[in-house]
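Note sheet for the following structure.
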Amino acid sequence: MHSEFTKPLFDTVRQKISDYCGIFLGDEQQNELARKVADRMERVGIFRYPQYVALLSGEEGGPEELRRLSELITNNETYFFREPGHFQALRSFVIPELLRRKREKRIRIWSAGCSTGEEVYTLAMVLHEARLVHGPFDARVIGTDIDRQALQAAQRGLYGKNSFRSIENHYLKTYFTTSGPDRRKVDERLRPLVQFEWHNLFDERGGNALRDIDVIFFRNVSIYFAREKIRLINERLSQILNDQGFLFLGSSETLHHNFGNLQLVEVGDVFLYRKISGDNGTSRERRSSVESPPVPVEVPVPKSRARKRQAVPATAGLAEPEPEPITFDLIFARYREGLYAECGKLIERYLASPRLHAAETVQLLLLRSHLHIAQERLDEARADCKRVLEIDNVNGEAYFLGGLIAYYRSRWNEASEGFRKALFLRPGLSLAHFHLALVFRQEGMAEDARREFRNTIRVLEQRMDASLSFAALGYSSAYLINSCKQQLKAIG
């Protein structure tokens with residue numbers, strides 16, 4: 001090559017990839033992307049990186065070349081019955097519930113980001129056996145992916161031994177035939193239940209088959225996306241899913257998702273989402289898993305205003321009603337319901353109270369920082385954390401939130417520093433242990449990651465965690481413990 005793959009070139013190419021398919025490459029992947037770009041340059045006969053970037057940006061040939069480059073960076077690591085608890089929940093609860101409720105005995109499942117198809121055929125096996133239990137019903141699994149070569153492999157249905165590392169012998173013997181040394185082919189009985197389509201999750205036109213979807217499996221896909229892309233795809237998944245339909249995410253993903261009209265539910269030791277019926281994201285129904293809500297703090301109404309209101313006759317039809325007293329519980333409830341605009345206004349009114357103590361100000365600023373994070377307004381969240389530390393420079397919660405903001409921006413060193421400071425001040429902050437473990441895993445520090453996942457479990461099992469961060473994010477200790485156990489299994 002007659003030029004170097006500089007940081008500005010890397011930033012330009014990774015942004016194009018993220019805009020195209022959502023995948024975001026961290027700074028540590030610059031050399032890896034340089035190798036893959038060099039491979040594509042050799043194939044198209046280009047010898048300078050700026051020329052290749054110009055090709056990607058061009059209207060003629062650019063979109064097709066961007067597609068081919070994106071295929072090189074997709075991760076096709078998958079296998080049959082990955083996270084078996086999900087398929088048990090599908091078998092024992094989701095399918096019976098759908099068949100009981102639906103007038104038409106028909107189930108449509110979408111495997112989004114299906115890669116080479118192992119998940120699709122696993123779902124087909126579960127559906128095939130469900131027919132034997134519940135009687136005939138129309139069933140289909142639609143597998144989509146952005147990688148055309150992976151889809152071709154899925155169509156062939158021919159797999160090596162690595163794909164069978166977690167499958168029971170019953171399924172192996174029933175639904176596969178031997179096809180050469182260490183190779184097995186999917187039984188033809190499953191073929192009518194599946195179909196594969198090329199689909200870019202960020203293409204608003206959608207796939208031809210993505211209609212009337214009852215269940216979505218979107219597992220271990222969003223972990224490669226930039227945070228703003230996750231928000232966009234969340235909205236699309238919510239729109240595509242039928243009312244009362246179900247969404248499965250990977251065990252380590254649910255904590256970072258914020259779906260408006262999807263309710264977190266627990267089936268056994270598995271957590272999944274269910275779409276709330278008949279609303280378009282405006283429902284105020286939510287599943288509450290807060291174990292001990294914060295103590296309410298009332299802002300008193302000035303006496304002069306209170307006397308004035310008492311003088312208004314009860315028969316005056318146009319009289320302004322007495323406003324509901326602002327308490328932290330009231331604000332927190334609005335936050336949990338996803339009513340962010342109302343929550344923000346209440347916090348502003350609360351902060352304007354002349355009788356507000358420093359401790360109350362800190363509590364409100366911390367909650368508002370959570371609110372800003374939920375709205376992807378990370379700069380404003382960071383500003384609130386700084387204000388907290390100006391009032392209380394040993395506030396572990398603020399250091400945790402600062403680490404969380406850095407985590408969402410993929411600034412691993414800064415995130416680690418924030419979580420460590422938080423744990424120094426508040427050793428029982430379970431989410432700091434959990435996210436520090438995620439940072440260690442991201443950085444390839446397996447032993448450190450194991451330690452922090454185990455610390456998270458210990459803190460929660462001994463019921464030592466009562467932090468605002470844990471309550472505000474709204475996840476039960478059982479969910480977080482389950483996530484840690486799944487992460488420990490994945491690390492090995």
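What you see is a predicted model, and the numbers here were worked out from it, not measured in a lab.
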Exercise. Tell me, do Asp214 and Lys102 make a side-chain contact under 4.5 Å, heavy atoms counted?
Worked result: yes

Problem set entry | Under 3.5 Å donor-acceptor, Arg219 side chain and Arg82 backbone | yes

Problem set entry | Considering all heavy atoms, the nearest Val126-Phe81 contact | CG2-CE2, 4.4 Å

For this session: Taking ring pair (Phe, Tyr, Trp, His ring centres under 6.0 Å) as the test, write out the residues that go with Phe453, two or more places apart.
Result: Phe434

Problem set entry | Salt-bridge present (Arg420, Glu417; N to O < 4.0 Å) | no

For this session: Could you walk me through whether Asp19 and Gln15 pass the side chain to side chain donor-acceptor pair (under 3.5 Å) test, one step at a time?
Result: CA-CA 6 Å; Asp19 291 342; Gln15 187 60 53; 2.8 Å; yes

Problem set entry | Partner residues of His128 under the ring pair (Phe, Tyr, Trp, His ring centres under 6.0 Å) criterion, sequence neighbours left out | Tyr175

Exercise. Between Leu210 and Ile240, what is the shortest heavy-atom contact and its length?
Worked result: O-CG2, 4.4 Å

Problem set entry | Sidechain-backbone polar pair: Lys275 side chain, Leu241 backbone, donor-acceptor under 3.5 Å | yes

Exercise. Does atom NZ of Lys185 have more than 12 heavy-atom neighbours, drawn from other residues, nucleotides or ligands, at distances under 6.0 Å?
Worked result: yes

Exercise. Taking it one step at a time, do Leu249 and Leu272 satisfy side chain to side chain contact (heavy atoms under 4.5 Å, CB included)?
Worked result: CA-CA 7 Å; Leu249 301 177; Leu272 57 149; over 6 Å; no

Exercise. Quick one: does Phe10's side chain get under 4.5 Å of Asp27's, heavy atoms only?
Worked result: yes

Problem set entry | Other residues, nucleotides, ligands: >12 heavy atoms within 6.0 Å of Lys7 NZ | yes

For this session: Taking atom NZ of Lys161 as the centre, report whether more than 12 heavy atoms of other residues, nucleotides or ligands fall under 6.0 Å from it.
Result: no

For this session: List in chain and number order the residues that pass ring pair (Phe, Tyr, Trp, His ring centres under 6.0 Å) with Phe217, two or more places apart in sequence or in another chain; answer none if no residue qualifies.
Result: Phe87, Phe248

For this session: State, with a plain yes or no, whether a side-chain heavy atom of His372 is found less than 4.5 Å away from one of Leu378.
Result: no

Exercise. What closest approach, in Å, do Leu262 and Ser238 show between heavy atoms, and which atom pair accounts for it?
Worked result: CD1-OG, 3.5 Å

For this session: Classify the side-chain pair Arg101/Gln244 by whether it contains a donor and acceptor separated by less than 3.5 Å.
Result: no

For this session: Begin from the C-alpha positions of Glu32 and Arg35 and carry the test salt bridge (charged side-chain N to carboxylate O under 4.0 Å, His left out) through to its verdict.
Result: CA-CA 5 Å; Glu32 179 184 355; Arg35 290 192 297 270; 5.3 Å; no

For this session: Keeping the roles fixed (side chain from His134, backbone from Ala130), state whether a donor-acceptor pair exists under 3.5 Å.
Result: no

For this session: State which residues pass ring pair (Phe, Tyr, Trp, His ring centres under 6.0 Å) with Phe80; sequence neighbours excluded, sorted by chain then number.
Result: Tyr159, Phe164, Phe176

For this session: Please check if any side-chain donor atom of Gln88 sits under 3.5 Å from a side-chain acceptor atom of Arg91, or the reverse.
Result: yes

Problem set entry | Heavy-atom pair with the smallest gap, counting every atom of Trp198 and Ile146 | NE1-O, 2.8 Å

Problem set entry | CD/Glu28: more than 12 non-hydrogen atoms of other groups inside 6.0 Å | yes

Exercise. Salt bridge check: are Arg451 and Asp448 linked by an N-O gap of less than 4.0 Å?
Worked result: yes

Problem set entry | Expected output: side-chain Glu71 to main-chain Arg148 donor-acceptor under 3.5 Å | yes

N/O donor-acceptor pairs under 3.5 Å from side chains in residues 104-115, not counting sequence neighbours:
from: Glu104; atom 1: OE1; to: Arg106; atom 2: NH2; distance (Å): 2.8
from: Lys105; atom 1: NZ; to: Leu99; atom 2: O; distance (Å): 2.3
from: Arg106; atom 1: NE; to: Asp212; atom 2: OD2; distance (Å): 3.3
from: Arg106; atom 1: NH2; to: Asp212; atom 2: OD2; distance (Å): 2.9
from: Arg108; atom 1: NH2; to: Asp138; atom 2: OD2; distance (Å): 3.0
from: Trp110; atom 1: NE1; to: Thr144; atom 2: OG1; distance (Å): 2.9
from: Ser111; atom 1: OG; to: Glu119; atom 2: OE1; distance (Å): 2.6
from: Ser115; atom 1: OG; to: Asn76; atom 2: OD1; distance (Å): 3.1

Problem set entry | Ring geometry between Phe419 and Phe400 (parallel below 30°, tilted from 30 to 60°, perpendicular above 60°) | tilted

Exercise. Is the backbone N or O of Ala437 less than 3.5 Å from a side-chain atom of Gln442, with the two atoms forming a donor-acceptor pair by type?
Worked result: no

Exercise. Does some side-chain heavy atom of Asp145 sit less than 4.5 Å from a side-chain heavy atom of His199?
Worked result: no

Exercise. Does any non-hydrogen side-chain atom of Leu247 lie less than 4.5 Å from one of Val215?
Worked result: no

For this session: Please step through side chain to side chain donor-acceptor pair (under 3.5 Å) for the pair Ser416 and Glu414, ending with a clear verdict.
Result: CA-CA 5 Å; Ser416 177; Glu414 184 181 339; over 6 Å; no

Atom pairs and distances, side-chain donor-acceptor, residues 149-158, under 3.5 Å, sequence neighbours left out:
none

Problem set entry | Validation row: Arg140, Leu193 side chains within 4.5 angstrom (heavy atoms) | no

Problem set entry | Heavy-atom pair of closest approach, residues Ala449 and Arg441 | CB-N, 3.8 Å

Seminar exercise, completed: Between Ala422 and Gly396, the two heavy atoms sitting closest are CB-O, 3.4 Å

Exercise. Side-chain donor-acceptor pair under 3.5 Å between Glu129 and His170, yes or no?
Worked result: yes

Exercise. Hey, does Leu90 have a side-chain heavy atom less than 4.5 Å from the side chain of Leu123?
Worked result: yes

Exercise. Between Arg450 and Glu447, is the closest basic N to carboxylate O distance under 4.0 Å?
Worked result: yes

For this session: Before giving the answer on side chain to side chain contact (heavy atoms under 4.5 Å, CB included), spell out for His370 and Glu397 the whole-Å C-alpha distance, their side-chain angles and the decisive distance to 0.1 Å.
Result: CA-CA 11 Å; His370 280 286; Glu397 185 83 20; 3.5 Å; yes

